[in-house]
Amino acid sequence: MFLENFDPLKDEMIQIMDKDGVVVRPDLMPDLTDEEIVELYKTMRFSRIIDEKTLQYQRQGRMLTYAPNLGQEATQVGSAFAIRQTDWVAPSFRELGVWLRKGAPLKNIFLYWFGNELGMKMPEEVRILPVTIPIASQMQHASGLAYAARYRGLDDIAVAYVGDGGTSQGDFHEALNFAAVQSLPNVFIVQNNQFAISTRRKIQTKSGTIAQKALAYGIPGVQVDGNDIFAMYAVTKEAADRARRGDGPTLIEAYTYRMGAHTTSDDPTVYRDNSEVDEWRDKDPIDRLRKYMMAKGIWDEEKEEAYSEERGRFVKETFEDVEKSGDTPLEDTFDYVFAQKTPILEAQYQAKKAFYAKEGK
Amino acid sequence: MFLENFDPLKDEMIQIMDKDGVVVRPDLMPDLTDEEIVELYKTMRFSRIIDEKTLQYQRQGRMLTYAPNLGQEATQVGSAFAIRQTDWVAPSFRELGVWLRKGAPLKNIFLYWFGNELGMKMPEEVRILPVTIPIASQMQHASGLAYAARYRGLDDIAVAYVGDGGTSQGDFHEALNFAAVQSLPNVFIVQNNQFAISTRRKIQTKSGTIAQKALAYGIPGVQVDGNDIFAMYAVTKEAADRARRGDGPTLIEAYTYRMGAHTTSDDPTVYRDNSEVDEWRDKDPIDRLRKYMMAKGIWDEEKEEAYSEERGRFVKETFEDVEKSGDTPLEDTFDYVFAQKTPILEAQYQAKKAFYAKEGK
Amino acid sequence: MLVLNLVEAVTNALDTAMANDKNVVVYGEDVGVEGGVFRATKGLQEKYGAERCFDSILAESNIVGAGIGMAINGLKPVVEIQFSGFMFPAFNQIVTHAARMRNRTRGLYTVPMVIRMPYGGGVRALEHHSESLEVLFAHTAGLKIVVPSTPYDAKGLLLAAIADPDPVIFMEPKRIYRAFKQEVPEEYYTIPIGKAKVLKEGKNLTVVAWGAMVRETQKAIEILEKEGHSIELIDLRTISPIDKETILASVQKTGRFAVVHEAATTFGPGAELITTVNEGAFLYLEAPPKRVGSNDTIVPLPKGEHHYVPDTDYIVSELRTVLEF
Amino acid sequence: MLVLNLVEAVTNALDTAMANDKNVVVYGEDVGVEGGVFRATKGLQEKYGAERCFDSILAESNIVGAGIGMAINGLKPVVEIQFSGFMFPAFNQIVTHAARMRNRTRGLYTVPMVIRMPYGGGVRALEHHSESLEVLFAHTAGLKIVVPSTPYDAKGLLLAAIADPDPVIFMEPKRIYRAFKQEVPEEYYTIPIGKAKVLKEGKNLTVVAWGAMVRETQKAIEILEKEGHSIELIDLRTISPIDKETILASVQKTGRFAVVHEAATTFGPGAELITTVNEGAFLYLEAPPKRVGSNDTIVPLPKGEHHYVPDTDYIVSELRTVLEF
Ligand SMILES: Cc1ncc(C[n+]2csc(CCOP(=O)(O)OP(=O)(O)O)c2C)c(N)n1
Ligand SMILES: Cc1ncc(C[n+]2csc(CCOP(=O)(O)OP(=O)(O)O)c2C)c(N)n1
Ligand SMILES: [Mg+2]
Ligand SMILES: [Mg+2]
């Protein structure tokens with residue numbers, strides 16, 4: 001529907017709902033119940049609350065480096081809503097909305113950013129690979145996950161997320177090419193938030209759209225308004241169906257904006273004007289859906305407040321819980337290098353333990 | 001001319017002279033003198049003679065592994081003719097025609113394939129980087145050569161050659177992207193000879209043409225009949241002019257065929273039928289130009305024979321000369337690791353020398 | 001019993017593993033239709049189909065990276081890097097992912113994958129076809145590195161690598177791929193990873209070697225034993241984790257130690273072994289331990305390669321300095 | 001005299017080099033507009049323009065690979081890898097090209113390029129931001145590896161690296177980027193690559209360290225000297241080539257040896273130094289030499305990092321075993 005008719009060279013962008021929450025393409029509007037729409041909204045809102053509170057904790061010196069996804073909630077939640085629970089995700093590091101939708105416990109997420117590997121030991125059903133730090137390397141894993149799913153006769157697909165900066169890495173290229181050659185059940189989603197830390201998208205690549213990079217691999221590529229959750233949902237859904245049918249991978253460019261700093265270590269005022277941020281604030285994905293819901297009468301200020309309050313409390317409690325989690329025990333740093341500690345690791349572990357005992361540590 | 005009007009998505013291919021040596025697109029025919037055309041021919045012929053004799057020497061056990069470029073002579077010689085002596089080339093390992101055109105002494109080329117690093121110490125004016133074994137890595141160097149040329153205010157350009165297999169590597173992607181972003185004076189030539197060792201082009205990528213990969217970088221891409229030396233010359237010339245003018249890089253897909261084995265270690269009968277090779281023999285780039293020249297009256301059997309005979313003798317003499325070149329002296333293996341031997345290298349060198357002396361080696 | 005050379009034993013091991021376990025998949029450059037440039041995967045595509053044995057794209061980072069995804073999702077990829085010198089594009093995937101997935105997820109996701117690669121010199125090959133890179137892997141936490149030196153070991157170690165729950169780098173000494181044949185059981189068997197093998201007992205000197213250097217060292221030892229020395233030879237078999245126990249027991253008996261390897265000397269594998277001996281048998285040492293490795297030069301092209309890799313004479317001469325200390 | 005911390009000294013060295021030589025270009029991820037994530041290139045784009053100091057694309061293999069081309073064609077690229085843990089995608093270019101171009105062409109083409117990278121732990125960073133990878137480079141022929149431990153050294157060594165006719169890996173201990181300030185001359189000066197520095201003389205034990213471990217070791221030595229020991233401390237400064245002369249002279253005097261490093265222990269840099277000492281001062285050794293390194297585990301995330309890197313107490317305890325042997 002979108003995919004077949006879309007020409008990524010025309011610099012078009014799929015939008016269903018405009019920035020005022022008005023559905024401008026009713027023909028493309030996905031079939032979502034009111035409950036589902038509220039659920040979409042709540043997930044985005046929850047993500048925003050987590051980001052805001054975590055930034056606050058970070059400023060208070062209670063959190064380590066954190067990468068907020070402010071402004072990208074629709075991109076993430078919309079796409080994640082369009083896939084199944086058993087589908088795989090190979091994430092980058094800024095996909096809070098995806099984690100939430102796929103059922104990752106907030107406690108795990110906090111533990112991870114708190115510097116504890118236990119965080120990435122997610123419940124098995126979450127099916128998201130751990131946060132990937134080496135940019136774009138996860139793309140390759142997605143292709144392998146998809147290969148294995150098909151090989152095993154399952155109809156699970158694998159979705160990879162990557163940033164606009166990540167499209168420059170060789171791994172991006174190789175993964176798309178392999179998935180295309182093998183016609184793998186993959187969906188590749190580029191969150192084009194206009195920046196790789198301080199580096200603007202225009203410096204990252206000269207192609208008119210990122211979606212058109214799909215042409216290099218002979219697969220469909222589509223540019224989507226990443227701040228329009230209906231568009232993100234609808235396009236991802238179609239790409240996922242396509243993948244599941246055996247018709248191969250799709251590249252989705254979600255056109256969005258990183259409203260916050262790259263991470264809490266970053267000072268974006270060095271490289272961008274606040275006025276630019278303000279412009280994008282006007283296109284906020286959460287406000288947009290709220291306007292839609294309010295107009296439709298399925299949400300109101302009261303619900304908003306109640307939900308925010310309840311979620312805020314939950315975030316606070318979870319974070320305080322995580323704050324008490326303490327350091328990683330010595331043995332944990334040794335126990336997961338291999339299935340079984342090697343004799344050398346065992347000896348090093350015993351030596352450190354003896355040292356701690358001696359020093360009363 | 002070609003570049004602006006060419007749409008790589010249409011699966012078209014630029015051909016000026018057909019397989020019978022007839023110019024089918026006189027409008028595109030480059031402005032070459034008869035002498036230049038004869039020179040084009042001679043260079044191709046010379047390349048073919050070298051390949052044939054080297055394969056013979058190899059069968060006789062007088063040569064190590066060798067990668068012939070049989071069938072790809074027009075791709076190489078045509079493109080190399082279109083650039084200037086001071087332009088840089090970043091080659092792969094199968095560009096004999098380019099080396100010859102750029103003035104590389106045959107002796108050096110033989111020395112290299114004979115297993116002697118001295119071979120790649122070319123005369124300075126050749127301006128070709130050494131044979132590159134790690135596939136596609138040379139593409140990145142080409143972008144840097146081009147950057148430096150422009151930075152230094154020179155109007156030299158840099159041409160990179162890579163195979164169809166090489167397009168799968170991340171380095172291919174990164175180099176094109178960087179060159180495009182920086183609008184560098186580069187020409188990237190893919191010798192699509194249909195194989196990467198035994199792996200067919202269709203398994204390497206699903207894109208309809210390799211030329212269309214240019215769209216991923218927002219640069220022109222053009223597919224050329226690589227066995228038509230006029231087309232190769234004309235397209236490369238335009239891409240080179242474009243680069244020199246400061247308009248940025250171009251991707252050229254030279255559609256050709258590897259007539260011989262991958263290298264002398266390879267047995268292509270394992271993975272392809274001779275009938276396929278025969279079909280391509282019909283499109284031989286050298287025969288094609290000879291027919292053209294004969295029809296035009298600027299070449300005849302007599303000249304052919306005399307030239308072949310003279311070149312054959314030269315190749316033989318050069319090879320015999322190289323056969324006498326002997327082993328690499330011990331000190332040479334130490335002397336070029338750094339500008340100055342480190343104390344550790346000096347000590348190792350002295351120890352080995354002493355050992356040789358003791359053993360009477 | 002089959003009688004196989006080393007590369008045939010590799011093929012046989014792959015065949016055995018694929019027959020045993022449907023989840024074993026084999027791929028790499030030219031691995032499918034052609035059966036690999038060394039024919040290590042010969043016949044496997046015909047026998048098991050193109051889904052289980054296929055030609056990858058020409059991209060090592062994808063070969064390993066996709067394998068990581070497959071392994072996480074239930075398969076057992078056994079991939080081939082055409083020559084070890086071409087593993088560099090895959091190094092990021094190997095080090096930052098294959099080696100770390102288990103630790104990063106506290107055991108939730110693991111990467112039971114084998115990365116095979118022919119390595120080492122002595123075959124008059126082109127540049128980058130002769131590297132010995134074991135240290136680059138061995139210094140990386142989360143990887144096991146295995147090197148067979150005989151057909152029998154090749155099959156048993158490769159099957160053990162495939163059965164291993166963690167990523168294993170399987171380095172094949174291509175110089176001896178076809179050097180000799182040996183009886184190899186037809187059935188499934190494994191040789192434990194992490195255990196060295198005492199090939200030959202001796203009294204005055206312990207020598208550790210692996211891969212193609214085992215044979216070179218055996219020849220050197222023959223010469224030296226004719227002179228009356230008694231030398232113990234250990235085939236390390238697994239580079240990481242090192243079997244310290246076997247080595248230290250031997251050095252504590254012989255009082256002298258040497259290691260022979262193809263890799264470059266400085267920051268090479270020999271340094272680790274000598275340090276191991278320092279840490280576990282210092283007071284037993286009657287002579288400074290010795291490493292016999294290749295020069296710290298770039299692997300020369302064929303016309304200079306003989307200056308680089310230790311040969312029998314050189315090993316003899318170096319071992320003699322330890323024996324005569 | 002300027003008074004600068006280590007990262008400021010790096011910036012000052014780059015500024016000095018760019019002012020001196022128009023062919024010095026500086027680039028890397030976020031190096032231009034932002035001045036680098038650590039601000040090591042702060043102000044350089046403003047001062048020298050976007051042609052000489054620019055933001056690369058997010059692709060380390062291109063950063064190094066393009067630099068190789070630039071260096072061959074007359075420039076002096078000084079590139080930044082944002083964290084050493086992200087050098088892996090560039091490793092192929094570093095090892096197979098930067099390190100080999102001179103040898104491959106018998107001196108026709110050379111790669112006078114500097115690859116800077118912050119390295120090491122102790123800053124509570126995300127995964128892959130804390131690696132100590134010196135061995136991976138040091139085992140590779142054709143590379144020099146330099147690590148400063150003070151602002152003064154940072155400037156002098158970086159200027160020497162830029163002046164060097166061959167590729168130099170310049171590893172910056174980011175943990176001490178802002179730890180202390182020091183007087184740094186305003187003008188151009190170099191500190192020779194390949195020379196270690198005796199920071200402190202001593203009689204009973206030689207300790208070698210580099211980078212951030214120098215300060216940690218100094219603290220440990222203070223504690224031990226209060227107990228009456230006399231310890232010689234050498235800042236290695238250059239990891240490859242190692243300054244054997246300085247180390248061996250010291251060990252021949254003290255009779256005891258230890259090395260302290262952040263890298264993982266096994267197949268780590270300590271093994272090479274111990275082997276060096278075995279080869280050159282075995283008969284002087286009164287105790288087994290000791291390496292104090294990080295565990296052979298994966299660098300833990302911040303909540304476990306203290307288990308990994310040697311700290312003062314641990315160094316004290318380990319050195320004591322050598323002193324009291
Ligand atoms: C291989 C690698 N190089 C560099 C980095 C450092 N780094 C972390 S995030 C980032 C920018 C990523 O930009 P993009 O892909 O657009 O994702 P975004 O941050 O915008 O979500 C960089 C350079 C890294 N993590 N991995
Ligand atoms: C990084 C790397 N991987 C693998 C190889 C082994 N290899 C040598 S040539 C080749 C195929 C190259 O195919 P293509 O790029 O099409 O060039 P062609 O041989 O057809 O000229 C391969 C896989 C290599 N040289 N480098
Ligand atoms: Mg971005
Ligand atoms: Mg090819």
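These numbers come from the heavy atoms of this one structure, side chains and all, not from hydrogens, waters or symmetry mates. Values in this document were obtained by computation on a predicted structure and should not be read as measured data. Quick note on labels: first sequence line is chain A, next is B, and so on, each numbered from 1.
- Only the side chain of A:Leu64 comes within less than 4.5 Å of a heavy atom of chain D; its backbone N, CA, C and O stay farther away.
- Qualifying side-chain contact (heavy atoms from CB on, under 4.5 Å) partners for A:Ala339, counting only residues two or more places apart in sequence or in other chains: C:Arg102, C:Pro165, C:Asp166.
- Contact check for D:Ile94 versus D:Ile115: side-chain heavy atoms found under the 4.5 Å cut-off.
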Side chain to side chain contact (heavy atoms under 4.5 Å, CB included) evaluation trace for A:Val89 with A:Leu129: CA-CA 6 Å; A:Val89 170; A:Leu129 300 192; over 6 Å; no
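- No other option in A:Pro329, A:Ala351, A:Gly326, A:Gly163 has as many heavy-atom pairs under 4.5 Å with chain D as A:Pro329.
- The contact between A:Ile203 and chain D is made by backbone and side chain atoms together, counting heavy-atom distances below 4.5 Å.
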Between chain D and chain A, which donor-acceptor pairs sit under 3.5 Å apart?
from     : atom 1 : to       : atom 2 : distance (Å)
A:Gly115 : O      : D:Lys303 : N      : 2.9
A:Glu117 : OE2    : D:Leu301 : N      : 2.7
A:Gln169 : NE2    : D:Leu58  : O      : 3.4
A:Gln169 : NE2    : D:Glu60  : OE1    : 2.8
A:Ser198 : N      : D:Asp30  : OD1    : 2.9
A:Ser198 : OG     : D:Asp30  : OD1    : 2.7
A:Thr199 : N      : D:Asp30  : OD1    : 3.4
A:Thr199 : OG1    : D:Asp30  : OD1    : 2.8
A:Gln204 : OE1    : D:Leu58  : N      : 2.6
A:Thr328 : N      : D:Lys303 : O      : 2.9
A:Thr328 : O      : D:His307 : NE2    : 2.7
A:Leu330 : N      : D:His307 : NE2    : 3.4
A:Gln348 : OE1    : D:Asp296 : N      : 2.7
A:Gln348 : NE2    : D:Asp296 : OD2    : 3.0
A:Lys352 : NZ     : D:His307 : O      : 2.8
A:Tyr356 : OH     : D:His307 : ND1    : 2.7
A:Lys358 : NZ     : D:Ser317 : OG     : 3.0
A:Lys361 : NZ     : D:Asp311 : OD2    : 3.4
A:Lys361 : NZ     : D:Asp313 : OD2    : 3.4

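- Counting heavy-atom pairs under 4.5 Å between each of A:Phe334, A:Phe172, A:Phe93 and chain D puts A:Phe334 at the top.
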Pair A:Val270-D:Val33, side chain to side chain contact (heavy atoms under 4.5 Å, CB included): steps then yes or no: CA-CA 8 Å; A:Val270 175; D:Val33 176; 5.7 Å; no
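- Of the possible donor and acceptor atoms, none in the side chain of A:Glu253 sits under 3.5 Å from a partner among the backbone N and O of A:Gln223.
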D:Phe137 and D:Met117: CA distance, side-chain angles, deciding distance, side chain to side chain contact (heavy atoms under 4.5 Å, CB included) verdict: CA-CA 12 Å; D:Phe137 300 115; D:Met117 52 183 84; 3.7 Å; yes
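- No side-chain heavy atom of D:Cys53 sits under 4.5 Å from any side-chain heavy atom of D:Val25.
- Donor-acceptor pairing under 3.5 Å is lacking for the side chains of A:Asn69 and A:Glu95.
- No other option in A:Ile133, A:Val131, A:Val337, A:Ile344 has as many heavy-atom pairs under 4.5 Å with chain D as A:Ile133.
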